[in-house]
Amino acid sequence: MTERQEIIKNQVNVEQFREDLLNWFTEEQRELPWRQDQDPYKVWVSEIMLQQTKVDTVIPYFNRFVSQFPTIEALSKAEEEKVLKAWEGLGYYSRARNLHAAVKEVHEKYGGKVPNTPKEIAGLKGVGPYTAGAILSIAYGVPEPAVDGNVMRVLSRILSIWEDIAKPKTRKTFEEAVRVLISHENPSYFNQALMELGALICTPTSPSCLLCPVREHCHAFDEGTVTELPVKTKSKKQKTVQLAAVVLTDENGRTLIHKRPNTGLLANLWEFPNMEIVQVLRSEKTQLEEKLLEDYQAKVEVGEMITRIEHVFSHLIWNINVYSGKLIDLKEEKEDLRRVNAEEIEPFPFPVSHQKMLKFLPEQVKKG
DNA sequence: CACCCGTGGCA
DNA sequence: TTGCCAAGGGT
């Protein structure tokens with residue numbers, strides 16, 4: 001046991017802390033779709049979706065996802081486009097692509113059974129230290145730490161830890177703490193209880209200390225420093241990028257869409273033709289027409305601006321001026337460049353910013 | 001380690 | 001309105 005772990009052991013009555021925490025969780029835990037059973041696959045899917053994403057947002061996505069892809073087998077055989085479509089609007093799309101790749105690996109390499117050792121689990125794409133611990137403890141009852149933002153907030157207060165939780169190495173401090181505190185009787189409930197407490201009671205602002213089941217163990221409560229913890233340095237402001245996009249219509253009422261590259265921002269999602277506006281000497285209309293000709297060999301006529309869309313990412317802001325336009329001539333469609341009518345566009349996954357352009361699609365051409 | 005990677009809700 | 005926040009991982 002490390003020196004730091006010795007200190008922690010002397011800070012709290014470990015046995016009593018576990019009992020109080022587990023009793024509270026047993027009584028007060030929310031009924032959530034992924035708590036109906038301990039199917040490792042469903043635990044896995046839920047944990048990936050819950051990364052940086054609120055429970056209320058995840059619930060409908062989770063239900064649709066496991067309904068559409070009920071098993072490792074089903075997901076491993078799905079087309080990526082279908083998986084991304086199911087993820088549409090949830091954000092951080094590399095989660096979906098990594099999950100898909102990792103599930104294929106489990107299907108082929110582990111006979112469709114989610115592995116239950118730290119090394120094998122952590123080797124899967126998209127499964128980092130938190131998710132590995134979460135799957136191991138929740139699905140398999142292995143006493144591994146699962147340290148997320150909730151756990152760091154809760155334990156920083158309980159144990160009065162003043163390390164900056166924005167620093168990557170700080171997570172190790174909390175993993176050490178969890179290894180001291182965790183119930184070997186019920187690691188699943190213990191890890192979930194810490195997170196549930198962070199979500200329901202020990203919240204970032206105005207925590208409900210008077211309702212807290214482990215208030216008697218809380219050093220920050222004793223010291224009156226609950227609102228000062230956790231320590232977290234501020235992130236820097238997002239940069240703003242000016243974009244121009246165009247909803248093009250050909251003589252048959254079809255519109256031009258483009259698949260983004262398979263790496264980077266919004267990878268493999270579809271979008272309306274667009275470009276970053278760097279200089280303002282020439283009109284956006286002219287720049288769009290030249291861009292479409294050069295990049296796609298598409299002759300177009302850009303018309304009026306039809307809307308403006310602001311899209312805030314975690315690290316940047318898009319300001320998009322959206323134009324309507326006519327597609328005069330297109331040399332050829334490619335894998336990543338398609339002409340579709342309103343009826344055909346449904347299967348293509350779009351980021352939220354471009355979903356907002358869908359309502360400017362031309363009316364579907366009447367047949368016959 | 002620092003930066004990249006979405007989105008929606010809320011004080 | 002602005003900034004912060006959420007069951008993080010990849011590079």
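Below, chains carry the letters A, B, ... as their sequence lines are ordered, and counting in each starts from 1. Note that the structure is predicted; figures quoted are calculated from it, not measured.
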*Asks:* Using a 4.0 Å heavy-atom cut-off across all strands, classify W87(A) as base, sugar-phosphate, or nothing.
*Replies:* nothing
*Asks:* Mind calculating the distance between CZ (F313(A)) and C1' (dG9(B)) to the nearest angstrom?
*Replies:*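 Answer to the nearest Å: 18 Å.
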*Asks:* Examine W34(A) together with F62(A) and report whether their ring centres are nearer than 6.0 Å.
*Replies:*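 Ring-ring flag for W34(A)/F62(A): true, centres closer than 6.0 Å.
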*Asks:* Could you work out which one of dC1(B), dG6(B), dC3(B) sits closest to the side chain of K236(A)?
*Replies:* dC3(B)
*Asks:* Please report the distance, rounded to the nearest Å, between CD1 in I48(A) and P in dG10(C).
*Replies:*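 Atom CD1 in I48(A) sits about 8 Å away from atom P in dG10(C).
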*Asks:* Between dG9(C), dG6(B), dA2(B), spot the one nearest the side chain of Y130(A), thanks.
*Replies:*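 Of all the options, the side chain of Y130(A) is nearest to dG9(C).
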*Asks:* If I take atom CZ in residue R171(A) and atom C1' in nucleotide dG9(C), what distance separates them, rounded to the nearest angstrom?
*Replies:* 10 Å
*Asks:* Counting the atoms with a prime plus P, OP1 and OP2 as sugar-phosphate, which does L266(A) contact under 4.0 Å by heavy atoms, base, sugar-phosphate, or nothing?
*Replies:* sugar-phosphate
*Asks:* Which one of K326(A), K299(A), R339(A) satisfies the salt bridge (charged side-chain N to carboxylate O under 4.0 Å, His left out) criterion with D250(A)?
*Replies:* R339(A)
*Asks:* If each of N98(A) and L32(A) is mapped to the nucleotide of DNA chain C with the nearest heavy atom, which maps nearer the 5' terminus, i.e. the 5' end?
*Replies:* L32(A)
*Asks:* Taking for each residue the nucleotide of DNA chain B with the nearest heavy atom, is it Q52(A) or K167(A) whose nucleotide lies nearer the 5' end?
*Replies:*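 Nearest-nucleotide comparison on DNA chain B picks K167(A).
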*Asks:* The side chain of K54(A) lies closest to which of these nucleotides: dA6(C), dC5(B), dG9(C)?
*Replies:*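 Comparing dA6(C), dC5(B), dG9(C) against the side chain of K54(A), the answer is dA6(C).
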*Asks:* With sugar-phosphate meaning primed atoms plus P, OP1 and OP2, does V151(A) contact a base, only sugar-phosphate, or nothing at under 4.0 Å between heavy atoms?
*Replies:* nothing
*Asks:* Using a cut-off of strictly less than 4.0 Å, decide whether R97(A) has a side-chain nitrogen or oxygen near OP1 or OP2 of dG10(C).
*Replies:*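 No, R97(A) has no side-chain N/O under 4.0 Å of OP1/OP2 on dG10(C).
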*Asks:* Both A267(A) and P168(A) contact DNA chain B. Taking the nearest nucleotide for each, which residue is further toward the 5' end?
*Replies:*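 First, find each residue's nearest nucleotide; the 5'-ward one identifies P168(A).
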*Asks:* Does the gap between the ring centers of F272(A) and F350(A) come in under 6.0 Å?
*Replies:* yes
*Asks:* Test for a donor-acceptor pair under 3.5 Å between the base of dG6(B) and the side chain of T53(A), counting only N and O atoms.
*Replies:* yes
*Asks:* NA contact type, S206(A), heavy-atom cut-off 4.0 Å: base, sugar-phosphate, or nothing?
*Replies:*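 No contact.
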*Asks:* Of all the choices, dC4(C), dG8(C), dG3(C), which nucleotide is nearest to the side chain of D148(A) once you look at every atom?
*Replies:* dG8(C)
*Asks:* Kindly check if the number of other-residue, nucleotide or ligand heavy atoms within 6.0 Å of CD (E304(A)) is above 12?
*Replies:* no
*Asks:* Given atom CG of N262(A) and atom P of dG10(C), what is their separation to the nearest angstrom?
*Replies:* 17 Å
*Asks:* Using whole Å, report how far CG of D56(A) lies from P of dG9(B).
*Replies:*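 Atom-to-atom, D56(A) to dG9(B), this comes out as 10 Å.
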*Asks:* What's the closest nucleotide to the H311(A) side chain, out of dG3(C), dA6(C), dG6(B)?
*Replies:*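 Nearest to the side chain of H311(A) among the choices is dG6(B).
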*Asks:* For the pair made of CD1 in I165(A) and P in dC1(B), what is the distance, rounded to whole Å?
*Replies:* 14 Å
*Asks:* For D37(A), is there an ion pair with K42(A) - N to carboxylate O distance below 4.0 angstrom?
*Replies:*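 Yes, charged N to carboxylate O under 4.0 Å.
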*Asks:* Provide, to the nearest angstrom, the distance between the NZ atom belonging to K239(A) and the C1' atom belonging to dG3(C).
*Replies:*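 In whole Å, dG3(C) C1' lies 19 Å from K239(A) NZ.
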*Asks:* Does a side-chain N or O from Y93(A) land closer than 4.0 Å to OP1 or OP2 of dT7(B), or not?
*Replies:*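 Yes, because at least one side-chain N or O of Y93(A) sits under 4.0 Å from OP1 or OP2 of dT7(B).
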*Asks:* Using heavy-atom distances to pick each residue's nearest nucleotide on DNA chain C, tell me which of K232(A) and Q51(A) is more 5'.
*Replies:* K232(A)
*Asks:* If I pick the P atom on dT11(C) and the same atom on dG6(B), what distance separates them, to the nearest angstrom?
*Replies:*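 So the two P atoms sit 13 Å from each other.
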*Asks:* Is the positively charged end of R97(A) above the ring of Y93(A), judged by distance under 6.0 angstrom from the centroid and angle within 45° of the axis?
*Replies:*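 Negative - R97(A) is either too far from the ring of Y93(A) or too far off its axis.
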*Asks:* How is R260(A) classified with respect to the nucleic acid when contacts are heavy atoms under 4.0 Å: base, sugar-phosphate, or nothing?
*Replies:*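 Contact class for R260(A): none.
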*Asks:* Contact class for G89(A) vs. all strands (heavy atom < 4.0 Å): base, sugar-phosphate, or nothing?
*Replies:*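 Result for G89(A) = sugar-phosphate.
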*Asks:* Do the ring centers of F221(A) and H219(A) come within less than 6.0 Å of each other?
*Replies:* no
*Asks:* Counting only side-chain nitrogens and oxygens, does H315(A) get under 4.0 Å of the OP1 or OP2 atom of dC5(B)?
*Replies:*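 Yes, such a contact exists.
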*Asks:* Please tell me which of the listed nucleotides, dT7(B), dG8(C), dA2(B), lies nearest to the side chain of P351(A)?
*Replies:* dT7(B)
*Asks:* dC3(B) C1' sits how many Å from Q238(A) CD, rounded?
*Replies:*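 After rounding, the reported distance stands at 14 Å.
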